[in-house]
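A short write-up of the structure that comes next.
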Amino acid sequence: MWLAAAAPSLARRLLFLGPPPPPLLLLLLSRSSRRRRRLHCLGLAAMPEKRPFERLPADVSPLNYSLCLKPDLLDFTFEGKLEAAAQVRQATNQIVMNCADIDIITASYAPEGDEGTGTLKIDFVGELNDKMKGFYRSKYTTPSGEVRYAAVTQFEATDARRAFPCWDEPAIKATFDISLVVPKDRVALSNMNVIDRKPYPDDENLVEVKFARTPVMSTYLVAFVVGEYDFVETRSKDGVCVRVYTPVGKAEQGKFALEVAAKTLPFYKDYFNVPYPLPKIDLIAIADFAAGAMENWGLVTYRETALLIDPKNSCSSSRQWVALVVGHELAHQWFGNLVTMEWWTHLWLNEGFASWIEYLCVDHCFPEYDIWTQFVSADYTRAQELDALDNSHPIEVSVGHPSEVDEIFDAISYSKGASVIRMLHDYIGDKDFKKGMNMYLTKFQQKNAATEDLWESLENASGKPIAAVMNTWTKQMGFPLIYVEAEQVEDDRLLRLSQKKFCASGPYVGEDCPQWMVPITISTSDDPNQAKLKILMDKPEMSVVLKNVKPDQWVKLNLGTVGFYRTQYSSTMLESLLPGIRDLSLPPVDRLGLQNDLFSLARAGIISTVEVLKVMEAFVNEPNYTVWSDLSCNLGILSTLVSHTDFYEEIQEFVKDVFSPIGERLGWDPRPGEGHLDALLRGLVLGKLGKAGHKATLEEARRRFKDHVEGKQILSADLRSPVYLTVLKHGDATTLDIMLKLHKQADMQEEKNRIERVLGATLLPDLIQKVLTFALSEEVRPQDTVSVIGGVAGGSKHGRKAAWKFIKDNWEELYNRYQGGFLISRLIKLSVEGFAVDKMAGEVKAFFESHPAPSAERTIQQCCENILLNAAWLKRDAESIHQYLLQRKASPPTV
C-alpha cells in the first residue's frame, strides 16, 4: 500500500483518491487498550501514474456486515452505521478497506475471544450523488407533476465503497444484514425480504426496515432502493415470489416483464439443475440509470425502457429488448451471483455467458422471435467488427487496477464472449454442456471461480479438449479468416482449408500468425440445414474430403454461422452459392453470414466493394427480418462512408432500389396473421426508404404524421420510429418543434427515447445546433444525452462535424457527468467513428491527449483506427463504387 504519514489523532475526514490509486481506508490499531482499540484513519497521498496495483491484503476479512443506512432525500446525504464481524487471519496492526466519498465519524475495533475474530464499528456520512454510481439520487416526477428523488444504488464494478466502507473486491464475500431508515410513505427494498418494519424512535415520520440476512455474496451485488413505486407480483412455479416495481400509476406496464421473469426462473433452475437460492426476486425500474440493468442478487435494477412495456404504446422491438434484458439479468442470479468471478479479469465469463443464455431463454419463452438468427446480427457480427481491429483485446484481459474494468464492458466481453460460448455449446452438444454447467455451479456455489474452472467442468462432462480449444479463443485477440477452395474428384469434393488472422486493414502480413483451434461444420445443397461433416481445424492448413457430392451441388462452411470466423471462398465456390441467396435455398442465417463476410472482406480491401453491391442486389426476394436488418446496417455503413463524397445521392438511389420491392410487398398496415418479425421488418424497411427519400414513403409518412399530431389517427408504436425519422430528415423548423412538443408531452420513457434517437436526422445547421443544445437540457435524462448527440453524429455529414465540435466545447460538463463510466466511451465512439479523413484521426488523438479520459483510452484508439480504415477504404473504392452506381443508373438491372 502507498501510505501517507500517520495522522496524529482519529481523522474526522477520510482522504480518498479516484483512479489511478484505488480509494482506500487504512485503519491503524492503536495500542492504548488491549480490548477496545481505537482506529486511526489514514489517507493516501497521490502516487505517480503507472504504479503497480495491489489488491487488498488478506490478513483481515469480513464474515458479516451489519449495515444501517439513513438516506435524506431532501439534503441528498446519508448517515451510516457499520458493524462488521471480521476474521483476523494473520497478526497485523492495521485493517485496510476500500472507501470513497465518505466522511468517517468514528471507528473502532474490538477483538472477541481467541479465535481471531472481532467487531469493526464505523459511523460515517456520505452524499447521495448525481453520478449514477454508488448510493445516488434518481430524479422522477410524481403523477401530480412534482419533482422528487429516490435513493438507489449501482455498485458494479467498484462503487460499493461509495455507500459504506468495505472490502470491495469480488472474491471477498460475506453475509449482509441490512437495515434502512426511511420516510414511512416510501418503499424500501434490498436484496432480501423484509423481516421487520418498526417506527424510528427519533422521528415519527421515519420507519426502520430490516431485511433478512443474505447468503455469502460479493459487495458489488448489494443493493438498496428507497422511493415511491407500485408493483405487480406473482409466484414462479417453484414458489419464488416475483415482483416488478414500476413508477406510481404504471403497474400495468410491469406485467410483461413479470410474465417473462416468472417463466425464466424455472427455465434456469431446470437448465442448471440448481434451485434459485433466495426467497424472492424484485425487478425495479429506475429513472436515472447508466447501464441497461444490473443483476444485484434478489433486487435487479433496470432502466425504465428495459423493463416497462405499455400494451398500447410499446413497439415490438421494445418487448424483445425487455425479454432479453430480463433473461440476461436473471441468468446472473446463478452465473455471477451464486458463483462469482475471482477477479475482474474473468468479467467476460459473467457477461459473455449471460449474453449467450439470454437468447436461449428468450427462444424458450418466445420461439416466434427467431432470436438465434437475430443473435448473429446483434452480437456475432458486432463482435467480429471490433475484434478485427489492431486495437481490440483478448476476451480475457488481465485487469490490475479496477479503473481498467470499465474499458472491458464492451462488445468483446459481452458479444464475442457470447459468440464463443455459443460455438462451444454447439461443439460439446446441449446434454454435456448442461451437465458441465451443473458440475461447475455445484462445485463453486457461494465461492469464486476463474475461466479455467469452467473449462475443467465442461471437459469432465464432455471428454473433449475444452481448455486447449477455448484458450485459443479467450487468451489471444482476433479470430481467423478461413480460405477455402474445392476440387471435384470423381464423386467426391476435396476441400483445401487454410486459416490466417482476419484483419480489418487487409491480409495478415506479420510473422508468427496466431492460430486457432476451429470447430468447422460443412453443409451442402443436398441438405442445407444439416452438417455433412464436422471437424476441428487445429493447424494452419488442412484438406478434407466430402463423400458423394455431385458437381452441381454447392458446399458451404460454417452452418448456422456458429463458428467465430469469417470465410473466403474461391470464386467458383462463391458463384455456386449466390443463387442460393436469390432462391432462398440457403437458410436465412447462412444467407446473412455469407453477405456479412463479403462486406467485411470488401471493407478490409480483400475484395472489391462493387462485388458486394452486386450480391446485395440478389436479396430482392428476401423475406427474413434479420437478414434485412444486417443488410440495412451494412448499407448504412456504406452510406456514411459515401457521405464524404459528391455521389451520396447515388447510394441513396441504390438503397431505394434494394428496399422498395420488399416495401411494396409489406405495405404500411399489418395484415391478419402477421407476427412479431413482420412488425420489426415493416419498421426497418419503411425507415430505410423514408430516410433515403423514397417519394411515396415520404408522402405517406407526412400524411400519417399529420393525422397523429392532430389526434385523428394515432400511429401504431411500431410505425412511430420510421415515421418520425422520415419527417424529420426531410422536414423544417416546424417539424422539429412539433417533435420536441411530442417529447415534452410523452408520459412514457420509451416514447421520449424513441424521439431522442431520431432528432439528429434533421439536416439544417441551425436545427442541428438546437438538437445538440437540447441534449444537455433538463428535458433529457443524463443517460440519454449520449444517444441524442450520437444521433446527430450519425445523421449527416454536417451533423458529424457539429457533434464533434459540441463535444469539444462541452467536454468538461460531459466528462464530469460520465467520468469513469462506460457512457463516456459510448459517447466518443458514436460521435467520431464515422469520419473518413486521415487528419481527423490525428485531431481526435490530439484532443484526448490534452483531455484525458482514462476509462475510454482503448475506445479512443479504436475510433482513430476506424477513421484511418474508413479513409483507406474511401481512397481505394470510391471511384469504382461511383462508376458502378452510374452504370446502374444508365441501365437498371432486371430483377
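Treat the numbers as computed from the prediction; the structure is a model and nothing was measured.
- Remark: side-chain polar atoms of Trp343 are paired, donor with acceptor, to backbone N or O of Val399 under 3.5 angstrom.
- Between Trp516 and Trp473, the ring-plane angle classifies as tilted under the 30° and 60° cut-offs.
- The line from OG of Ser880 to CD of Gln887 is 11.0 Å long, rounded to the nearest 0.5 Å.
- Between the side chain of Asp590 and the main chain of Gly560, a donor-acceptor pair closer than 3.5 Å is present.
- To the nearest 0.5 Å, the span separating OG on Ser855 from CD1 on Ile828 amounts to 7.5 Å.
- Neither side chain, Arg566 nor Asn558, offers a donor N or O lying under 3.5 Å from an acceptor on the other.
- Closest approach of Thr567 to Tyr565, counting heavy atoms only: OG1-CE1, 3.5 Å.
- Using a 4.0 Å cut-off between charged nitrogen and carboxylate oxygen, Glu622 and Arg591 count as a salt-bridge pair.
- Without hydrogens or angle criteria, Thr472 side chain to Met517 main chain gives a donor-acceptor distance under 3.5 Å.
- Proximity of a side-chain donor or acceptor of Ser355 to a complementary backbone N or O of Glu351 within less than 3.5 Å is detected.
- No donor-acceptor pair under 3.5 Å is formed between the side chain of Ser392 and the backbone N or O of Ala388.
- Using a 4.5 Å heavy-atom threshold, the side chains of Leu533 and Thr521 count as separate.
- Judged purely by atom type and a 3.5 angstrom limit, Thr524 has no side-chain atom pairing as donor or acceptor with the backbone of Trp554.
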Next item on the list: Take Asp370 and Thr373 through the test side chain to side chain donor-acceptor pair (under 3.5 Å) and record every step on the way to the result.
Entry: CA-CA 6 Å; Asp370 183 28; Thr373 306; 2.9 Å; yes
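- For Lys501 against Tyr508, the heavy-atom pair with the smallest separation is O-CB, 3.5 Å.
- In this structure a side-chain-to-backbone donor-acceptor pair under 3.5 Å is present from Ser576 to Met573.
- In this structure, Lys475 pairs ionically with Glu452, as a charged nitrogen and a carboxylate oxygen lie closer than 4.0 Å.
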Next item on the list: List the steps, then state whether side chain to side chain donor-acceptor pair (under 3.5 Å) holds for Ser585 with Asp583.
Entry: CA-CA 6 Å; Ser585 59; Asp583 67 19; 2.7 Å; yes
Note to self: Working note: Asp597 + Gln568, criterion side chain to side chain donor-acceptor pair (under 3.5 Å); need CA distance, chi angles, decisive distance, verdict.
What the structure shows: CA-CA 8 Å; Asp597 279 352; Gln568 184 183 2; over 6 Å; no
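- Within the 3.5 Å criterion, the main-chain N or O of Glu833 finds no donor-acceptor partner in the side chain of Asn866.
- Nearest approach of Ile867 to Val837, heavy atoms of both residues: CG2-O, 3.4 Å.
- In the model, Asp410 has a side-chain atom that pairs as donor or acceptor with a side-chain atom of His393 under 3.5 Å.
- Taking 4.5 Å as the limit, every side-chain heavy atom of Gln530 sits out of range of all side-chain heavy atoms of Ser523.
- Ring pair Trp356/Trp372 is tilted by interplanar angle, where 30° to 60° counts as tilted.
- Listed here is the closest heavy atom pair of Ser398 and Thr345: CA-OG1, 3.7 Å.
- Lys688 places a side-chain N or O within 3.5 Å of a backbone atom of Ser632 that can act as its donor or acceptor partner.
- The 12-atom threshold is not exceeded at NZ of Lys500, counting heavy atoms of other residues, nucleotides or ligands nearer than 6.0 Å.
- Residues Ser643 and Arg800 have side chains that bring a donor and an acceptor to within less than 3.5 angstrom of each other.
- Across all their heavy atoms, Gln476 and Pro514 have their closest contact at OE1-CB, 3.5 Å.
- Here Lys550 contributes atom NZ and Asp492 contributes atom CG; the two are 12.0 Å apart, rounded to the nearest 0.5 Å.
- For Phe479 and Phe564, the ring centers are positioned less than 6.0 Å apart.
- Side-chain atoms of Gln320 and Ile371, non-hydrogen and from C-beta on, do get closer than 4.5 Å to each other.
- By the 4.0 Å N-to-carboxylate-O rule, Arg888 lies too far from Glu653 to be salt-bridged with it.
- No side-chain N or O of Gln862 forms a donor-acceptor pair with one of Asn391 less than 3.5 Å apart.
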Item checked: Check against side chain to side chain contact (heavy atoms under 4.5 Å, CB included), Trp628 and Leu680 -> CA-CA 10 Å; Trp628 276 114; Leu680 293 181; over 6 Å; no
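- Judged by distance alone, the side chains of Glu396 and Thr474 do bring a donor and an acceptor atom under 3.5 Å apart.
- Between the side chains of His332 and Asn350, no donor N or O sits under 3.5 Å from an acceptor N or O.
- Donor-acceptor pairing under 3.5 Å is lacking for the side chains of Glu857 and Gln861.
- Here the rule is ring pair (Phe, Tyr, Trp, His ring centres under 6.0 Å) with Phe335, and of Phe444, Tyr440, Phe272 only Tyr440 fits it.
- The distance between the ring centers of Trp321 and Tyr369 does not fall below 6.0 angstrom.
- Side-chain N/O atoms of Asp432 and Ser462 include no donor and acceptor closer than 3.5 Å.
- The minimum heavy-atom distance between Leu613 and Ile881, with the atom names listed, is CD1-CG2, 4.2 Å.
- Side-chain contact check for Tyr569 versus Leu594: some heavy-atom pair is nearer than 4.5 Å.
- By the 6.0 Å contact criterion, NZ on Lys532 is enclosed, its count of non-hydrogen atoms from other residues, nucleotides or ligands being greater than 12.
- In this structure, Val489 and Val545 have side chains that are not in contact, with every pair of non-hydrogen atoms separated by 4.5 Å or more.
- Rounded to the nearest 0.5 Å, atoms OG (Ser629) and CG (Asn634) are 9.5 Å apart.
- Between Ser600 and Phe502, some side-chain heavy-atom pair lies under the 4.5 Å cut-off.
- The number of heavy atoms from other shown groups lying within 6.0 Å of CZ (Arg858) is above 12.
- Not a single donor-acceptor pair under 3.5 Å links the side chain of Glu617 to the backbone N or O of Val658.
- Counting non-hydrogen atoms of other residues, nucleotides and ligands closer than 6.0 Å to CG of Asp491 gives a total of 12 or fewer.
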Next item on the list: I would like to know whether Ser415 and Arg382 meet side chain to side chain donor-acceptor pair (under 3.5 Å); could you show each step before the answer?
Entry: CA-CA 7 Å; Ser415 298; Arg382 183 166 154 256; 2.9 Å; yes
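- Cation-pi geometry between Lys464 and Tyr427 is met: the NZ or CZ atom falls under 6.0 Å from the ring centre, inside 45° of the normal.
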